[in-house]
Amino acid sequence: MSETPHRYTAELAGRIEVAWQDRWEEQGVFRAPNPAGPWADPEGVAEHEGGHLLVLDMFPYPSGAGLHVGHPLGYIATDVYARFNRMLGKNVLHCLGYDAFGLPAEQYAVQTGQHPRKTTEENIAIMARQLRRLGLGHDDRRAVRTIDPDYYRWTQWIFLQIFNAWYDADAPREDGGTGRARPIAELVEEYRSGTRPLPAEDGRGWDDLSHVERAEILDSRRLVQSVEATVNWCPGLGTVLANEEVTNEGRSDRGNFPVFKRRLRQWVMRITEYADRLADDLDGVQWPEKVKTMQRNWIGRSQGAHVTFPVGTDAAHPGIEVFTTRPDTLFGATFMALAPEHPLVDSLVPEGGWPEGTDDAWTGGAATPAEAVAAYRAQAAARTDLERQAEGKAKTGVFTGGFALNPVSGAPVPVFVADYVLMGYGTGAIMAVPAQDERDWDFATAYRLPIIRTVQPPEDHDEDTAYTGDGPAVNSANDEVSLDGLDVADAKERIVAWLEDKGLGRGAVTYKLRDWLFARQRYWGEPFPVLFDEDGIAHGVPEDQLPVELPDVPDYTPKVYDPDDADSEPEPPLARDTDWVTVEADLGDGRGTRTFRRDTNVMPQWAGSCWYYLRYLDPANGQALVDPENEAYWMGPRPAPVAGAPAGTGDPGGVDLYVGGVEHAVLHLLYARFWHKVLFDLGHLSSSEPFRTYFAQGYIQAPAFTDARGQYVEASEVEEHVGDDGTPSFTHAGAPVNREFGKIGKSLKNMVSPDDMYAMYGADTFRLYEMGLGPLEQSKPWDTRAAVGSQRFLQRLWRNVVDEETGDLRVADVDVDAETAKVLHRTIAAVREDYAGLGFNTAIARLTELNNALTKLGGDVPRPAAEALVLMVAPLAPHVAEELWRRMGHETSLVHAAFPEADPALLVDDTVTCVVQVGGKVRDRLEVPADITEDALRELALASPRIQALLENGVRTVVVRAPRLVNVVPA
RNA sequence: GCGCAAGUGGCGGAACUGGCAGACGCGCCAGGUUUAGGUCCUGGUGCCUUCGGGUGUGCGGGUUCGAGUCCCGCCUUGCGCACCA
């Protein structure tokens, strides 16, 4: 233990930190005033002349294991940014709540045999303690929790808004686009008044229809629908999952269980109606390109055409519809391929044997087409997607024995079944154009099918490959239309026009995005605010009867199955509570109290996190999810679009800064945008995007160690040894181990908790260390011991203000000397810029330099310099800054103190060092006046003896960049 | 396979529009304070060197008076997508 009584140790840091956290809380310094709503404080809002700022973190999920040092990285960064902006005079809203419904909490509860509410609340308490100890400047009044009925009442309310809305693709929008959600009541009115024709034109009006018939019509238009669909059934979790929750390997995102395709009736949200806007509106937000690309890929929009190929053998056959992005290549379609599951396959297979002239390669060795197709389908069905991928790109298929007619050339084309065609995309059938498609080329060469080039490849193109680029069309004419000579874009346009004219096809857009499967057969989630009547018709629970509370069932354990039992059936825990399921209710529709059956599914985990940032704005509002004035103030569109937005793009509004990992790119970020847009369309919000600026942070990776068997050993027990050449080696219990870097956690046995850091160094040092590691967007390795560097910085800062021996103030009311003033003001200018751009690592470097410069003064530290340094350090290390600020005589917290401003006069130098190069190599340095002329500098440089010595053969030219550089080029 | 990032000392990382490579920190070395040091302070620290200097930002070319930075071709690592018609 140190004998120095007033040293800034971890122990002292801890006392200071807890004391200031208590003070901040008592004084409510982080409470941001709202313009309206239950906390309306317009005067408080008006005091902030610097405007307003909304800073957001990823909604944390309280796990049973507590935090590790990787978790707070983003929270610290947003806190530093928020604190900096408060010191610029802005009204800053920064808070944190808890996303606490969902699978992990439920699984943890099941494992420990406790009720999920109990374990979840305990986990929240642990996490809240760990985060509070970090000194985050959050508005404590706004810490919402998704599991509270006051919160999920609004989650259910939003569900009903979406349920009671339909998408009118023709309705104009305020932003100039077309298509928006409208209340279902307006659709009813259109049907009733006759302005919109009813789907079944049997002469009856809306009022003539039975309530079942009306419900069927409306339900088919709602943005939430119950549909019979192919879903992802996960027996290991006992629930169905959304596409976004299934990994590329066909397993569950949570728990890594196998997922099977099943036909089931389920709730889906019609996110596909928003596919275009979700893709297009990415232009207006400032997000990393990587994340935008991931969303665009997921939405997977492609433009092309649907084309129908008649089936020649049968006039009554509907024909085979394909989707293609290259209708311009239609003349080169020499065969077709259908997915093995395609419903039309059977209709193409002729009875009896192979048609005349069938190539042996097409038959798969079978005696008849029927046999060949059956065998191929059986083989395809037996293989999982994973196995298909593992077999690489080899193309296989068999001839169906049937032919279709190329609609532009009239030529018969053989139809194959091939598993490189996927049932889930487009129409499940393709026209194959080997000359312009690599996959079709591979298939055509393997099965000896004809290849017709319809785009002229450039001369240097390999004749043995497909050509997918642009070029003039060739071989593309019939009696009525010719594409020859047109480029790809023009050819597409002309052929689509011709196809549409002939009724053979039409321009079309397809998407990879599928509707969002929204029901889960679990317990720990928001109940659906839906009641089914005796006809099975779903009714929304009236708003004044919300929330539909999650009942406290005795057995909340979900029915899970053997993870590989594909044939099992989902069984929601809520269905077991028959008292809850059956309910007497009056829907206020004039039909009085009737008996209903509740929906026993619960919402997915994403529901609560889809809109939490809106509730932060007005968490106590009992009348609305957010007062419109509050939403407009915090999130409304700004006058200027974001940097880099294409011309003509306006600002969509939204959160000013959202920091989080990239792992939510296609889940949370897509779902939240969808809900936000629906609420925008329905007039509840002024912003059309939830997150104007998104910043993807890197991860913290910690060293993990494996022994000779490849097993992980406890990282905290590993000893490091430094060899003579400086390279480290590692041992565990005396045996050598290997170091690698990976995610922090139990599985790699490399857990480091923030609690460890608080005990060893204190929260301020921990914050400083995390921010100093490197750029926020990069992943970087953790090294607990290296945090001493940050601790030394704070100790030096402390010593610059407080005498370690006596505890007296070392700051003196003296002027700052000229040299120090220069350093000080340069630091201010640089740090301001760094903070504004989230460049915390470089800000720390600059502050360290200033701190070291003050240390080197030796004697008393001039007050103006010490105060400016403390204020600048405050966003990063707020507790020690507050303590020093107070010891320097200030009675109020520095949370709202003005950030130091640089004096521009002190940023310019009188003299600078000029580098003199010969042939690009530095040979001399000259101290010259900053305003020296080019000519004077050239003369000075050439006069230098060191330069003269190198110019024996004369000078060819001299490049002068006054005042910093001269480059002499010798002859 | 396609696409996007990124490769700088023993380590994490600095370097504005091409203009002093290695800021700041860890580690390491030396010295000081200390009975002691997993303390603190001071100085040093890319590599090679015959101490003049040479060389150096993944590799190979190029543009330029001048390249970590721009262009072309490769290599490696990470991430995303992966028969998307």
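Chain letters run A, B, ... following the sequence lines, proteins first, then strands; residues in each count from 1.
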Nucleotide paired to B:U39 in any strand shown, Watson-Crick or G-U, under 3.5 Å: none
Aromatic centroids of A:Y769 and A:W782 separated by under 6.0 Å: yes
A:V788 side chain, from C-beta outward: closest of B:A23, B:G19, B:C26: B:C26
Watson-Crick or G-U wobble partner of B:U45, both distances under 3.5 Å: B:G27
A:L422 side chain, from C-beta outward: closest of B:C41, B:C20, B:C83: B:C83
Side-chain N or O of A:Q795 closer than 4.0 Å to phosphate OP1/OP2 of B:C40: yes
Interatomic distance, A:D783 CG vs B:C24 C1' [rounded to whole Å]: 16 Å
Nucleotide B:G25, atom C1' - distance to CH2 of A:W782 in whole Å: 14 Å
Sugar-phosphate only, base, or nothing, as touched by A:R923 at under 4.0 Å among non-hydrogen atoms: sugar-phosphate
Student check: side-chain heavy atoms of A:R810 and A:V801 closer than 4.5 Å: no
Heavy atoms of other groups near A:R956 CZ, more than 12 under 6.0 Å: no
Gap in Å between the two C1' atoms, one belonging to B:U69 and one to B:G18, rounded: 6 Å
Touch class at under 4.0 angstrom, heavy-atom based, for A:S779 against every strand present: sugar-phosphate
Polar side-chain atom of A:K492 near backbone of A:T325 as donor-acceptor pair, under 3.5 Å: yes
Integer-rounded Å distance: B:A85 P and A:Q303 CD: 12 Å
Candidate nucleotides B:A21, B:G13, B:C79, ranked by approach to the side chain of A:K780 - the nearest: B:G13
Euclidean distance, atom CD of residue A:E833 to atom P of B:A15 [Å, nearest integer]: 11 Å
Given B:C20, B:A23, B:C41, the nucleotide with the shortest approach to the side chain of A:R796: B:C41
Sugar-phosphate, base or nothing in reach of A:K292, heavy atoms under 4.0 Å: nothing
A:F766 CZ to B:G25 P, straight-line distance once rounded to whole Å: 21 Å
Nucleotide nearest A:R792 (side chain, heavy atoms from C-beta), chosen from B:A14, B:C26, B:A85: B:C26
B:C40 phosphate, OP1 or OP2, under 4.0 Å from A:R799 side-chain N/O: no
Residue mapping more 5' on RNA chain B - nearest nucleotide basis, A:E849 or A:T510: A:E849
Spacing between A:L773 atom CG and B:C24 atom P, to the nearest angstrom: 18 Å
Gap between atoms OH and C1', on A:Y511 and B:C81 respectively (whole Å): 20 Å
Pair assignment for B:A85, Watson-Crick or G-U wobble, requiring both distances under 3.5 Å: none
Length of the line joining A:L965:CG and B:U64:C1', which is rounded to integer Å: 14 Å
Member of A:T329, A:T468, A:T454 meeting the side-chain hydrogen bond (donor to acceptor under 3.5 Å, both in side chains) criterion with A:Q436: A:T454
Salt bridge (charged side-chain N to carboxylate O under 4.0 Å, His left out) between A:E321 and A:R506, worked out: CA-CA 11 Å; A:E321 188 179 48; A:R506 62 196 183 284; 3.3 Å; yes
Sugar-phosphate only, base, or nothing, as touched by A:T848 at under 4.0 Å among non-hydrogen atoms: sugar-phosphate
Side chain of A:M294 - closest among B:G12, B:G80, B:A14: B:G80
Euclidean distance for C1', B:G56 against B:G46 (whole angstrom): 8 Å
Check: A:I495 main-chain N/O paired with A:D328 side-chain donor or acceptor under 3.5 Å: no
Touch class at under 4.0 angstrom, heavy-atom based, for A:A845 against every strand present: base
Sugar-phosphate, base or nothing in reach of A:E804, heavy atoms under 4.0 Å: nothing
Pairwise P distance, B:U76 and B:U39 [rounded to whole Å]: 43 Å
Touch class at under 4.0 angstrom, heavy-atom based, for A:I844 against every strand present: nothing
Test item: A:M872 and A:L850 side chains (from C-beta on) under 4.5 Å apart, heavy atoms: yes
Touch class at under 4.0 angstrom, heavy-atom based, for A:R964 against every strand present: nothing
Sugar-phosphate, base or nothing in reach of A:T293, heavy atoms under 4.0 Å: nothing
Shortest side-chain distance from A:T324, nucleotide among B:A85, B:C20, B:A82: B:A85
B:U33 and B:C26, which share atom name P, separated by this distance in whole Å: 23 Å
Sugar-phosphate, base or nothing in reach of A:Q778, heavy atoms under 4.0 Å: sugar-phosphate
Pairing partner of B:C79 (Watson-Crick or G-U wobble, both distances under 3.5 Å): B:G3
Minimum-distance nucleotide to A:I430 side chain [options: B:A85, B:C65, B:G12]: B:A85
Between B:C29 and B:C74 - C1' atom distance, rounded Å: 40 Å
B:A5 versus B:G10 - spacing of their C1' atoms, nearest Å: 26 Å
Inter-nucleotide C1' distance (B:G54, B:C4), Å rounded: 40 Å
Along RNA chain B (nearest heavy atom to each residue), the more 5'-positioned of A:R326 and A:T855: A:T855
Sugar-phosphate only, base, or nothing, as touched by A:N852 at under 4.0 Å among non-hydrogen atoms: sugar-phosphate
Touch class at under 4.0 angstrom, heavy-atom based, for A:R301 against every strand present: nothing
Any-strand Watson-Crick or G-U partner of B:G68, both distances under 3.5 Å: none
Geometric cation-pi criterion A:K395 and A:F443, 6.0 Å radius, 45° cone: no
Syn or anti conformation of B:G78, syn meaning chi within 90° of 0: anti
For B:G54, glycosidic torsion class - syn if within 90° of 0, otherwise anti: anti
Pairwise C1' distance for B:C40 and B:G52, with rounding to whole Å: 41 Å
Touch class at under 4.0 angstrom, heavy-atom based, for A:R846 against every strand present: nothing
Nucleotide nearest A:N297 when distance is taken to its side chain, options B:C26, B:A14, B:C81: B:C81
Neighbour count >12 (heavy atoms, 6.0 Å) for atom CD, A:E939: no
Pairing partner of B:C74 (Watson-Crick or G-U wobble, both distances under 3.5 Å): B:G58
Side chain of A:R7 - closest among B:U39, B:A21, B:G19: B:U39
Touch class at under 4.0 angstrom, heavy-atom based, for A:N967 against every strand present: base
